[in-house]
Colleague: 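Provided herewith is a single structure, encoded as structure tokens, for subsequent inquiry.
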Number of protein chains: 2
Amino acid sequence: MESRIDRIKKHLHSQSYKLTPQREATVRVLLENEEDHLSAEDVYLLVKEKSPEIGLATVYRTLELLAELKIVDKINFGDGVSRFDLRQEGAAHFHHHLVCIECGAVDEIQEDLLGDVEKVVENDWNFKIKDHRLTFHGICYRCQKQEDPEQQEQAANHS
Amino acid sequence: MESRIDRIKKHLHSQSYKLTPQREATVRVLLENEEDHLSAEDVYLLVKEKSPEIGLATVYRTLELLAELKIVDKINFGDGVSRFDLRQEGAAHFHHHLVCIECGAVDEIQEDLLGDVEKVVENDWNFKIKDHRLTFHGICYRCQKQEDPEQQEQAANHS
DNA sequence: CTCCGTGCAAATTCTTTGCAACGCA
DNA sequence: TGCGTTGCAAAGAATTTGCACGGAG
């Protein structure tokens, strides 16, 4: 079976880019930490564990390249750092995020919740939507539990 | 009648902050350019026209303060720069944005389109929403016109 | 007098760039 | 050989911090 790495490799080749060892190491780190919204520096440190010779600039260049090819999305949660998130394969749109203002955790919502909203925007504002970014800020189910020890269960059955 | 500046002044006072001349000048610039999503540097340059002695650091400190008090929102469209946007008075939630990938224009949607979506998120993910950020990337009505001279009218009747 | 707020310059942080060297076609 | 890619160091851009001064209560 064709692996995700293989498909990314083809994607690069189709634009005459190569999947060099450094790029592959970077992609692997992203795959292994798919839920984690790593910053460039995070990625660099993780790649460095396996491939100590790599340079930070290369990681930046690789991430930029992957973003350009829409293999990853570059996101920004308001701290001054860009974070990088693998796209779901074949996903037309970017997934959504839940940022907890208590503990800082970032959860993902893969389902597209915006179908109806996008119709409204396209019709009423005559805006041709290509992509979207939706982030909710609030309190995650873990922190809610801590605040109110009564309340338990529910949630977490989506990721 | 009480002006918007007066209410902001009270808001500051209620937290034992003062509306100094520098802060007032900064707020005025934001009020006069409410649609423009200015960067800190933009604000600085505009404030400087009226109050040349002001320092860039002061503008940063003021904007940070205003963001903390939820008078402005700090937003980030993916270029490396933070932009600042006055909140609508009394708005519980942040308004939405339409970013044109052709011309870079940023339009605002003041209506809250996310009521239903938020219900789903709160119920299904057990996430207590405090705020949200929604940005659409696509092509604005102006650029669509240019690409297809046939199509005219519509839109712009919302801002 | 005491603080809060300020200007300026220096420091930090994140990211990009210049350039010589490398490696595969 | 030729060109895309890399590492390192330097440059750059945005933002923050240290510090002495100034003004209102």
Side-chain angles (χ1 to χ4, degrees), chain A residues 8-29 37-69 71-85, chain B residues 8-29 37-69 71-85:
Chain A
I8 290 172
K9 186 173 184 175
K10 283 188 183 165
H11 194 155
L12 285 169
H13 285 167
S14 74
Q15 314 280 310
S16 358
Y17 294 114
K18 299 170 197 165
L19 185 62
T20 63
Q22 290 89 338
R23 286 177 183 166
E24 178 166 347
T26 303
V27 171
R28 283 192 190 286
V29 163
H37 308 91
L38 302 173
S39 68
E41 182 100 29
D42 294 336
V43 173
Y44 171 62
L45 293 173
L46 287 167
V47 172
K48 218 164 188 312
E49 289 176 8
K50 302 266 178 87
S51 315
E53 16 28 276
I54 201 170
L56 176 58
T58 301
V59 172
Y60 270 101
R61 284 184 283 229
T62 300
L63 291 172
E64 184 192 24
L65 176 63
L66 294 174
E68 204 174 288
L69 298 182
I71 294 167
V72 305
D73 274 301
K74 188 176 179 180
I75 46 181
N76 210 302
F77 291 127
D79 52 350
V81 203
S82 293
R83 298 178 178 281
F84 296 86
D85 220 353
Chain B
I8 289 173
K9 186 172 184 175
K10 282 188 183 166
H11 194 154
L12 285 170
H13 284 166
S14 74
Q15 314 280 309
S16 357
Y17 293 115
K18 300 170 196 164
L19 185 63
T20 63
Q22 289 89 338
R23 287 177 183 166
E24 179 166 347
T26 304
V27 171
R28 283 192 190 287
V29 163
H37 307 92
L38 303 172
S39 68
E41 182 100 28
D42 294 336
V43 174
Y44 171 63
L45 292 173
L46 287 167
V47 173
K48 216 161 192 283
E49 290 176 8
K50 302 266 178 86
S51 315
E53 13 34 271
I54 200 169
L56 177 58
T58 300
V59 172
Y60 271 102
R61 283 183 285 229
T62 300
L63 291 171
E64 184 192 22
L65 176 63
L66 295 174
E68 205 174 289
L69 298 182
I71 294 167
V72 305
D73 274 300
K74 188 175 178 179
I75 47 181
N76 210 302
F77 292 126
D79 53 348
V81 202
S82 293
R83 298 178 178 279
F84 297 86
D85 219 353

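Chain A is the first sequence line, chain B the second, and so forth, proteins listed ahead of strands; every chain is numbered from 1. The basis for the numbers below is simple: all heavy atoms, side chains too, and nothing from hydrogens, waters or symmetry mates. Since the structure is predicted, the reported quantities are computational estimates derived from the model, not experimental observations.
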Colleague: L65(B) has an atom CG; how far is it from atom C1' of dT16(D), in whole Å?
Modeller: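 From L65(B) CG to dT16(D) C1': 15 Å.
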Colleague: Measure the distance from OH on Y17(A) to P on dT5(D) and round it to the nearest whole Å.
Modeller: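 Distance, rounded to whole Å: 7 Å.
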Colleague: Check V59(A) against A40(A) and note the closest heavy-atom contact, atom names and distance.
Modeller: CG1-O, 3.9 Å
Colleague: Pick out the pairs of N or O atoms, protein on one side and nucleotides 15-25 of chain C on the other, that lie under 3.5 Å.
Modeller:
| unit_1 | atom_1 | unit_2 | atom_2 | d |
| --- | --- | --- | --- | --- |
| dT15(C) | OP1 | S82(A) | N | 3.1 |
| dT15(C) | OP1 | S82(A) | OG | 3.2 |
| dT15(C) | OP2 | Y60(A) | OH | 2.6 |
| dT15(C) | O5' | Y60(A) | OH | 3.3 |
| dG18(C) | O6 | R61(A) | NH1 | 3.4 |

Colleague: Write down the distance between CG (D42(B)) and C1' (dT15(D)), rounded to a whole number of angstrom.
Modeller: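 One finds 15 Å between C1' of dT15(D) and CG of D42(B), rounded.
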Colleague: For F77(A), what residues pass the ring-ring contact (aromatic ring centres under 6.0 Å, His included) criterion, not counting sequence neighbours?
Modeller: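 Counting only residues at least two positions away or on another chain, F77(A) forms a ring-ring contact (aromatic ring centres under 6.0 Å, His included) with H37(A), H97(A).
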Colleague: Separation of Q15(B) atom CD from dC3(C) atom C1', in whole Å?
Modeller: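 In whole Å, dC3(C) C1' lies 18 Å from Q15(B) CD.
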Colleague: Given side chains that start at C-beta, do those of H11(A) and I71(A) come closer than 4.5 Å, heavy atoms only?
Modeller: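 Yes, at least one pair of side-chain atoms sits under 4.5 Å.
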Colleague: Just by distance, do the side chain of R23(A) and the backbone of K18(A) share a donor-acceptor pair under 3.5 Å?
Modeller: yes
Colleague: Between atom CZ of F84(B) and atom CG of L63(B), what is the distance when rounded to the nearest 0.5 Å?
Modeller: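 Separation between the atoms: 4.5 Å.
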Colleague: Output every pair passing side chain to side chain donor-acceptor pair (under 3.5 Å) with a member in residues 47-61 of chain B, not counting sequence neighbours, ordered by first then second residue.
Modeller: Y44(B)-K48(B)
Colleague: Find the distance Q22(B):CD to dG22(D):P and express it as a whole number of Å.
Modeller: 14 Å
Colleague: As a test of reading the structure: which of dT6(C), dT5(D), dG7(D) is closest to the side chain of R23(A), going by heavy atoms?
Modeller: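 Nearest to the side chain of R23(A) among the choices is dT5(D).
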Colleague: In whole angstrom, give the distance that lies between atom CD1 of I54(B) and atom P of dG22(D).
Modeller: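 The answer, rounded to whole Å, is 18 Å.
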Colleague: Taking only side-chain nitrogens and oxygens of T20(A), does any of them come within less than 4.0 Å of OP1 or OP2 of dT5(D)?
Modeller: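 Answer no for this pair, as no side-chain N or O of T20(A) is under 4.0 Å from OP1 or OP2.
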Colleague: Provide, to the nearest angstrom, the distance between the NZ atom belonging to K48(A) and the P atom belonging to dT6(D).
Modeller: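 In whole Å, dT6(D) P and K48(A) NZ are 15 Å from each other.
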